[in-house]
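Here it is, the structure in full.
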Amino acid sequence: MKQTIFFYVLVFFSVASCQSQNAEVEQIKKTITEFSKAGDQQDATTLSQYLDPNFRIVMNQLFGNNEVMVVSKADYLEKIKSKKWGGDTRTLTFGTIEVNGNVAFAKVILTGKKSTFHSLMLLVRNASGQWVLAEDVPTVK
């Protein structure tokens, strides 16, 4: 009898844990999807809502550079506002998403007409419980 009760308790907590994990993954996917849409629409105001204050893009040897370039949130939003970046219509393909407490990692492919980005994205859950992007490390294919 005790073994049966233990088994049901174990199953209950396993199911609850999986449902909680799935809810987190869906929230992360929504954040990344909204981030992508706002960038595509060159809407810096909306885009800013999905970025941590310390957000940065780390670009390693992209666009003819031989160095690592780090773009701050302010510089990124300025490039979006000035229409130098963004303005494509991209589709998203989600790869691995790992959640570790208030931190998550996502592999995402953003396929557009202009280019295709393979990104490693680091997200954090802020004090309000919202998932926001802290870092984007893209490669261009």
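The first residue in the sequence is number 1, and the count goes up from there.
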- Query: Tell me, which pairs form a side chain to side chain donor-acceptor pair (under 3.5 Å) where one or both residues lie in residues 85-97, sequence neighbours left out?
  - Reply: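 Side chain to side chain donor-acceptor pair (under 3.5 Å) check on residues 85-97 returns D40-R90.
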- Taking every non-hydrogen atom, the tightest pair across A106 and I97: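 Nearest pair, atom of A106 first, then I97: CB-CG1, 4.0 Å.
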- Between S48 (side chain) and A44 (backbone), is there a donor-acceptor pair under 3.5 Å?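 No.
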- Task: Give the C-alpha distance, both sets of side-chain angles, the deciding distance and a yes or no for side-chain contact (heavy atoms from CB on, under 4.5 Å) between F117 and K141.
- Result: CA-CA 6 Å; F117 291 90; K141 301 285 179 165; over 6 Å; no
- Message: For K84, is the NZ atom crowded, meaning more than 12 foreign heavy atoms sit under 6.0 Å from it?
- Response: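 For K84, atom NZ is not crowded (no more than 12 foreign heavy atoms under 6.0 Å).
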- Task: Under the side-chain contact (heavy atoms from CB on, under 4.5 Å) rule, what do T116 and L110 come out as? Steps first, then yes or no, please.
- Result: CA-CA 6 Å; T116 297; L110 300 99; over 6 Å; no
- Set of side-chain hydrogen bond (donor to acceptor under 3.5 Å, both in side chains) partners for T31, sequence neighbours left out: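 Expected list: none.
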- Message: Taking salt bridge (charged side-chain N to carboxylate O under 4.0 Å, His left out) as the definition, give me every residue that meets it alongside E34, ordered by chain and number, with sequence neighbours left out.
- Response: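 For E34, the residues satisfying salt bridge (charged side-chain N to carboxylate O under 4.0 Å, His left out) (neighbours in sequence not counted) are K37.
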- Message: Test of understanding: with ring-ring contact (aromatic ring centres under 6.0 Å, His included), list the residues that count as partners of F55, not counting sequence neighbours.
- Response: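 Partners of F55 under the ring-ring contact (aromatic ring centres under 6.0 Å, His included) test: Y76.
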- Task: Compare all side-chain heavy atoms of V58 with those of E135 and state whether any distance is below 4.5 angstrom.
- Result: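 A side-chain contact under 4.5 Å exists here.
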- Got a second to check how far N60's CG is from T139's OG1, nearest 0.5 Å?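 The CG atom of N60 sits 10.0 Å away from the OG1 atom of T139.
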- Near K114 NZ, under 6.0 Å, is it more than 12 heavy atoms from other residues, nucleotides or ligands?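 Above 12, so yes.
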- What pair of heavy atoms forms the shortest contact from P138 to M59, and how long is it?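 Between these two residues, the closest heavy atoms are CG-CG, 4.3 Å.
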- Message: I'd like to know whether V99 forms a side-chain contact (heavy atoms from CB on, under 4.5 Å) with I28, so could you lay out the CA-CA distance, the side-chain angles of the two residues, the decisive distance to 0.1 Å, and finally the verdict.
- Response: CA-CA 9 Å; V99 180; I28 290 163; 3.6 Å; yes
Side-chain donor-acceptor contacts of residues 122-133 below 3.5 Å, not counting sequence neighbours, with atom names and distances?
from: R125; atom 1: NE; to: N102; atom 2: OD1; distance (Å): 2.8
from: R125; atom 1: NH1; to: E24; atom 2: OE1; distance (Å): 2.6
from: R125; atom 1: NH1; to: E24; atom 2: OE2; distance (Å): 3.0
from: R125; atom 1: NH2; to: G101; atom 2: O; distance (Å): 2.9
from: R125; atom 1: NH2; to: N102; atom 2: OD1; distance (Å): 3.3
from: N126; atom 1: OD1; to: S128; atom 2: N; distance (Å): 3.0
from: N126; atom 1: OD1; to: G129; atom 2: N; distance (Å): 3.1
from: N126; atom 1: OD1; to: Q130; atom 2: N; distance (Å): 2.9
from: Q130; atom 1: NE2; to: Q49; atom 2: O; distance (Å): 3.4
from: W131; atom 1: NE1; to: E24; atom 2: OE1; distance (Å): 2.8

- Task: Tell me whether the guanidinium CZ or amine NZ of K107 lies under 6.0 angstrom from the six-membered ring centre of F94 and within 45° of its axis.
- Result: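 The answer is no, since K107 fails at least one limit relative to F94.
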- Does atom NZ of K73 have more than 12 heavy-atom neighbours from other groups under 6.0 Å away?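 Yes - once you tally the heavy atoms of other residues, nucleotides and ligands closer than 6.0 Å, there are more than 12.
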- Item | Those residues that, when tested against D75, pass salt bridge (charged side-chain N to carboxylate O under 4.0 Å, His left out) (two or more places apart) |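 So D75 forms no salt bridge (charged side-chain N to carboxylate O under 4.0 Å, His left out) with any residue.
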